[in-house]
Amino acid sequence: MKTIIITGGAGFIGSHLTKNLLEKGHYVLCIDNMFTGSKKNIAPFTNNPQFEFIRHDVVLPILLEAEEIYHLACPASPVHYQNNPIKTLKTSVIGTFNMLGLAKRTRARFLLASTSEVYGDPEIHPQTEDYQGNVNPVGPRACYDEGKRAAETLTVGYREYNGVSVGIARIFNTYGPKMLPNDGRVVSNFICQALKNEDITIYGDGSQTRSFCFITDMVDGLTKLMDSGQPGPINLGNPHEVTIKELAEKILTLIKGSTSKIIYKALPKDDPTRRRPDISLAKKFLQWEPKTPLEDGLETTIAFFEEELGIRNG
Ligand code: NAD
Ligand code: UDP
């Protein structure tokens with residue numbers, strides 16, 4: 001049994017990771033400032049003697065002991081991370097600095113939840129880890145993209161100069177139960193809109209692509225990276241690529257009886273035109289690849305939101 005810190009543990013990915021690690025018998029210290037986290041996400045664990053919740057902002061240092069640190073704290077939805085760009089940068093940079101300091105002091109292995117956004121609007125396709133990216137440093141996504149790029153630099157620095165064991169995961173779009181209904185990300189938006197018979201809002205003409213990974217596959221990838229001792233960066237994501245229009249149509253097909261219509265809204269500035277991970281390194285070093293087909297993952301996610309919103313479809 002290990003003592004494991006998960007920053008951002010009350011968020012979407014963090015709460016699934018918590019469940020996975022508790023089931024394996026570990027002791028989980030969840031650190032979260034509850035910006036986009038929810039009590040509901042961690043409610044199933046609060047009576048578990050192996051689980052501890054600490055309300056804390058990673059921008060401030062904290063003294064704890066642990067053998068592993070999964071550093072996930074950072075809002076992930078563009079709506080939330082653009083809400084206060086300076087805070088987002090502080091979370092990514094100062095927060096990562098603090099957690100790496102903790103890793104150094106306690107000799108813990110440290111995993112950074114980085115992102116495909118480090119590639120910006122990519123000029124090569126699919127994206128490999130050696131691609132250095134095309135990020136606008138002064139655009140609306142910069143606080144998140146540059147924050148994560150700096151977090152990667154810090155992580156590599158602590159490895160090279162302080163000997164900290166680190167792993168950098170470049171996470172591509174991930175979806176599943178426990179996303180917030182008002183999160184603003186595309187899967188939760190489209191499903192909630194379709195369930196409520198509201199217009200499905202496609203930004204732009206819907207020809208931009210994303211590749212969606214189901215949450216259980218992502219948690220499996222993150223734990224494999226932690227256990228492997230590999231430094232990364234390693235792409236974690238599902239290479240199955242769809243246009244946003246195809247995603248909207250698929251969700252409408254799965255939510256039978258929805259009377260929602262697709263409408264088109266302005267494309268946000270710097271919205272990446274296409275995104276698909278090359279996962280050769282994850283296959284080679286982690287023996288990992290996603291198993292859940294998009295349709296199956298969407299059905300599970302739709303069932304979650306039906307329950308959440310109290311709406312039955314079909
Ligand atoms: P989320 O918004 O659901 O979870 C983030 C959690 O971090 C929340 O619980 C939030 O309250 C907490 N948090 C934010 N700022 C904090 C701070 N200063 N101090 C302490 N806690 C703080 O997002 P998620 O989808 O679960 O993403 C988790 C991580 O994975 C993030 O680092 C994100 O950048 C990364 N990621 C996610 C995706 C995705 O598709 N979900 C893609 C790429 C990268
Ligand atoms: N998007 C959309 N309608 C929505 C929400 C998002 O068309 O209601 C688009 C968005 O413009 C982007 C894609 O869906 O092209 C994925 O958006 P999301 O915010 O989920 O994540 P991103 O990959 O852009 O960080």
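Just follow the structure's listing: the first ligand is 1, and inside any ligand the first atom is 1.
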Between the side chain of [X] and the main-chain N/O of [Y], is any donor-acceptor distance below 3.5 Å?
X: Asn235; Y: Pro277; value: no
X: Thr7; Y: Ala73; value: yes
X: Asn98; Y: Val58; value: yes
X: Thr88; Y: Cys74; value: no
X: Thr46; Y: Ala43; value: yes
X: Ser15; Y: Gly9; value: no
X: Glu299; Y: Leu254; value: no
X: Thr223; Y: Asp220; value: yes
X: His16; Y: Pro177; value: yes
X: Lys178; Y: Asn41; value: yes

[X] neighbourhood, listing ligand 2 atoms whose heavy-atom distance to it stays under 4.0 Å:
X: Asp271; value: 10 (C), 11 (O), 12 (C), 15 (O)
X: Arg275; value: 22 (P), 23 (O)
X: Ile202; value: 7 (O)
X: Pro78; value: 19 (O), 25 (O)
X: Asn189; value: 4 (C), 5 (C), 8 (O)
X: Asn173; value: 21 (O), 22 (P), 23 (O)

Report the nearest protein non-hydrogen atom to [atom]: residue, atom name, distance rounded to 0.1 Å.
atom: atom 43 (C) of ligand 1; result: Ile171 O, 3.0 Å
atom: atom 7 (O) of ligand 2; result: Tyr203 N, 2.8 Å
atom: atom 18 (P) of ligand 2; result: Val186 N, 3.9 Å
atom: atom 21 (N) of ligand 1; result: Asn33 N, 3.1 Å
atom: atom 28 (C) of ligand 1; result: Leu72 O, 3.7 Å
atom: atom 3 (O) of ligand 1; result: Phe12 N, 2.9 Å
atom: atom 13 (C) of ligand 2; result: Ile244 CD1, 3.7 Å
atom: atom 14 (C) of ligand 1; result: Cys74 N, 3.5 Å
atom: atom 23 (O) of ligand 1; result: Ala76 CB, 3.5 Å
atom: atom 3 (N) of ligand 2; result: Thr201 O, 2.6 Å
atom: atom 9 (C) of ligand 2; result: Gln208 NE2, 3.9 Å
atom: atom 19 (N) of ligand 1; result: Val58 N, 3.0 Å
atom: atom 40 (O) of ligand 1; result: Thr174 N, 2.8 Å

Side-chain ion pair, Arg149 and Asp145, N-O less than 4.0 Å: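 Result for this pair is no, no salt bridge flagged.
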Does [X] have a non-hydrogen atom less than 4.0 Å from ligand 1?
X: Ala10; answer: yes
X: Tyr175; answer: no
X: His56; answer: yes
X: Asp57; answer: yes
X: Ser114; answer: yes
X: Lys148; answer: yes

Taking N or O atoms only and a 3.5 Å limit, does [X] qualify as a polar contact for ligand 1?
X: Pro75; value: no
X: Gly14; value: no
X: Gly37; value: yes
X: Asp32; value: yes
X: Thr36; value: yes

Heavy-atom nearest option to [atom], drawn from [options]:
atom: atom 37 (C) of ligand 1; options: Asn98, Ile13, Leu17, Leu180; result: Ile13
atom: atom 41 (N) of ligand 1; options: Arg185, His71, Arg210; result: Arg185
atom: atom 34 (O) of ligand 1; options: Tyr144, Tyr70, Phe35, Tyr81; result: Tyr144

Review point. Does an N or O from Arg210, backbone or side chain, lie closer than 3.5 Å to an N or O of ligand 2?
Key: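 By distance alone, the answer is yes.
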- Message: I'd like to check whether Gln193 has a polar contact with ligand 2, where a contact means an N/O of the residue lying under 3.5 Å from an N/O of the ligand.
- Response: no
Logged contact type for Arg185 with ligand 2, heavy-atom cut-off 4.0 Å, is both
message = Pair Asp57, Lys87 - check side chain to side chain contact (heavy atoms under 4.5 Å, CB included), show working.
response = CA-CA 11 Å; Asp57 194 309; Lys87 175 70 194 195; 2.5 Å; yes
Subset of ligand 1 atoms that lie under 4.0 Å from at least one heavy atom of Asn173: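 Atoms satisfying the 4.0 Å criterion: 40 (O).
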Going by side-chain contact (heavy atoms from CB on, under 4.5 Å), Gln208 matches just one of Asp121, Val186, Leu267. Which one?
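Passing option: Leu267.
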| task | Give the ring-plane orientation class for His71 versus Phe110, where under 30° counts as parallel, over 60° as perpendicular and anything between as tilted. | result | tilted
Going by the angle between their ring planes, with limits at 30° and 60°, are Tyr81 and Tyr144 parallel, tilted or perpendicular?
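Because their plane-to-plane angle is under 30°, the rings of Tyr81 and Tyr144 count as parallel.
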ask   = Measuring from Tyr27:OH to Leu21:CG, what's the distance to the nearest 0.5 Å?
value =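 Atom-to-atom, Tyr27:OH and Leu21:CG are 14.0 Å apart.
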As a test of understanding, state which of Arg109, Lys24, Arg107, Lys2 forms a salt bridge (charged side-chain N to carboxylate O under 4.0 Å, His left out) with Glu68.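 Testing Glu68 for a salt bridge (charged side-chain N to carboxylate O under 4.0 Å, His left out) against Arg109, Lys24, Arg107, Lys2 leaves exactly one candidate, Lys2.
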Original post:
Without hydrogens or angle criteria, can the side chains of Gln193 and Thr201 be said to hold a donor-acceptor pair below 3.5 Å?
Top reply: yes
Out of Glu117, Gln82, Glu146, which residue meets the side chain to side chain donor-acceptor pair (under 3.5 Å) rule with Arg141?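 Result: among Glu117, Gln82, Glu146, Glu117 is the only option passing the side chain to side chain donor-acceptor pair (under 3.5 Å) with Arg141.
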Where Ile279 and Pro290 come nearest, the two heavy atoms and their spacing: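 What the structure gives for the nearest pair is CD1-CD, 3.8 Å.
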- Locate the shortest heavy-atom distance separating Val164 from Ala108; write the atom from each residue and the value.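 In terms of heavy atoms, the two residues are closest at CG1-O, 4.0 Å.
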- Message: So is Arg141 touching ligand 2 or not, going by heavy atoms under 4.0 Å?
- Response: yes
